[in-house]
2 protein chains.
Amino acid sequence: MAIYLIRKLEHFTKLSSEEKRALEQATSLKRRHLNPREDLIYEGEKPDSVNLINDGWACRYKVLEDGRRQILGFLVPGDVCDMRMFILKEMDHSIGAISPVSVSEIPKDTIIELTDTYPRLSRAFWWNSLVEDSISREWVVNNSQRDAVERMAHLFCELFVRLRMVGLTNGDSCEFPLTQAELGETLGLSTVHVNRTLQEMRAANLVVLKGKSLTIPNLEALQEVGLFNDNYLHLERNGHEMDANE
Amino acid sequence: MAIYLIRKLEHFTKLSSEEKRALEQATSLKRRHLNPREDLIYEGEKPDSVNLINDGWACRYKVLEDGRRQILGFLVPGDVCDMRMFILKEMDHSIGAISPVSVSEIPKDTIIELTDTYPRLSRAFWWNSLVEDSISREWVVNNSQRDAVERMAHLFCELFVRLRMVGLTNGDSCEFPLTQAELGETLGLSTVHVNRTLQEMRAANLVVLKGKSLTIPNLEALQEVGLFNDNYLHLERNGHEMDANE
DNA sequence: CCCTTATGATAACATAGGTTAAGCAGGCGC
DNA sequence: GCGCCTGCTTAACCTATGTTATCATAAGGG
């Protein structure tokens, strides 16, 4: 069940079959299912386990006092939420399901055991958190410096690349369960403008977005439009070779 | 020389005098001075030491291919740059000086020794990184959901609170070396609009900003305007009491 | 099968914020 | 003391994006 997580971590470092087995085992203890809009963790809570997304999409978000909502990041299969809990007293944002989501709950102690036993896993998890942070910074750039078309192009590129990392793309297509309202809450745009922008991008044949499915006819072109450079995702693929000791 | 760092970390956990001494020692080996606009680290580089800001302000930033620049965060005295280097191959952003800056360079090995010897320091550094990440997320919210006045108010509150943490405020005032252009690059606004917004805030007596000095006559009012809530800074002050074992 | 609710599409209009340009003050090199 | 920066201010004008409202369609519930 940890297949997507393993695929992702292997973009950082090769894992031994024992390490993979340990991951499989740790993630097969406890399952949970969430419906769209259901929350996994609330702002203010102190989680006591780590959650691995097996299936479906979730998002981190914050809601301002006056109701405005901002999505802070997406969690797709293979993503884990909140190693942070080892240190921080409480969540400073919430995590909610976007599509139907299946998660594996990994108790705190299991994580500690895992990382104590396998230092390479520990480093891989650390890498994973650092990449997430790097994504946050890139989002600051995206939502502050780019216009609507650029922003949307950039977001599509990021999600497509991330899904491709874990084998969840199909040629130039992937699942894409976001509504236009959610796109707006991500990019800091109104739903009306999200719609306009999408029309424009469809007209330019940059994307085909229909019925929860995204197709990118020409990824390179879209990357150019979005000023997208994947360096911030730190896909240090040579890790595969360099660090192998299986 | 690590006084600001120590003050900051003690917002998370009490430190023993031995731990403090070790920090002082680690940070007194090598100094560096930077002039405004000089870079500490470039995007693409792989740093091999950690830098502690002793004096002055620096910032993390990214530049888009077409020249647009976004400031991603500020580093003030007591802030450290880039524990990340233990894991990531290269910097995904640059760090540059804003005012004249004095930094202490701490070699990688010293950091390892320090965190191996004093697990509490290790946790404190971890906390520190998590807070930085949390700030990034808050900036996504700020620059995506808030209008110009709110954004600016929020930023002023954040910086004031952070400076107060390390004892660098003086009543309701603090040093504030940012130019209006830099404010614009931070908040995703043009310099003209930064100026307009400042006029408006001065007229409302929300801030006095003149000659590199910021005064906030009524912090509570400013927090309200900026929808500022300091929870994302994770000032877990009870750490002082709870965790003392000196 | 109808009713309701979520989503997407469009249009008309309003506005926050961007752009360009110009002037002005303070600091610094010479 | 002059000239030249860099930073701040202001004005006129422009445009990307927000707002409000309406309608169409699709999906799910009873």
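Side-chain atoms are counted along with the backbone in the values below, which use heavy atoms only and exclude waters and symmetry mates. For clarity, every value in this text was computed on a predicted model and none was experimentally measured. In what follows, every chain begins at residue 1, and chains take the letters A, B, ... in the order their sequences are listed.
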Taking only residues at least two apart or on different chains, which pairs with a member in residues 194-222 of chain B satisfy salt bridge (Lys or Arg N to Asp or Glu O under 4.0 Å)?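 Not a single pair qualifies under salt bridge (Lys or Arg N to Asp or Glu O under 4.0 Å).
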Between [X] ([atom1]) and [N] ([atom2]), how many Å, whole number?
| X | N | atom1 | atom2 | value |
| --- | --- | --- | --- | --- |
| A:H193 | C:dT15 | NE2 | C1' | 14 Å |
| A:L183 | C:dT7 | CG | C1' | 12 Å |
| B:L187 | C:dG17 | CG | P | 11 Å |
| B:R146 | C:dA16 | CZ | P | 18 Å |
| B:Q145 | D:dT17 | CD | C1' | 14 Å |
| A:Q180 | D:dT25 | CD | P | 16 Å |
| A:R68 | D:dT17 | CZ | P | 18 Å |
| A:L189 | D:dT15 | CG | P | 20 Å |

Nucleotide nearest [X] when distance is taken to its side chain, options [options]:
| X | options | answer |
| --- | --- | --- |
| A:V192 | D:dT17, C:dG18, C:dA11 | C:dA11 |
| B:S190 | C:dG18, C:dT7, D:dG7 | C:dG18 |
| B:A148 | C:dG17, C:dT19, D:dG7 | C:dG17 |
| A:T179 | C:dT7, D:dG7, D:dG18 | C:dT7 |
| A:Q199 | D:dT17, C:dG18, C:dA9 | C:dA9 |

Using a cut-off of 4.0 Å on non-hydrogen atoms, how would the nucleic acid contact of A:G184 be classed: base, sugar-phosphate, or nothing?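 No contact.
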Would you please name every residue forming a side-chain hydrogen bond (donor to acceptor under 3.5 Å, both in side chains) with A:Y4, sequence neighbours left out?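 side-chain hydrogen bond (donor to acceptor under 3.5 Å, both in side chains) check on A:Y4 returns nothing, list empty.
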For a quick test of reading the model: is some side-chain N or O of A:R202 closer than 4.0 Å to OP1 or OP2 of C:dA9?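 Indeed, a polar side-chain atom of A:R202 lies that close.
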For D:dT9 and B:N195 - does any side-chain N or O of the residue sit under 4.0 Å from the phosphate oxygens OP1/OP2?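 So the side-chain polar atoms of B:N195 do come within 4.0 Å of the phosphate oxygens OP1 or OP2 of D:dT9, strictly under.
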What I want to check is whether the side chains of B:E138 and B:H154 have a donor and an acceptor closer together than 3.5 Å. yes
Strictly by modelled atom types, are B:E90 and A:H234 linked by a side-chain donor-acceptor pair under 3.5 Å? no
Test log, rule side chain to side chain donor-acceptor pair (under 3.5 Å), inputs A:S134 and B:D92: CA-CA 7 Å; A:S134 175; B:D92 52 43; 2.8 Å; yes
Nearest-nucleotide check on DNA chain D, B:R37 vs B:R196; residue mapping nearer the 5' end is B:R37
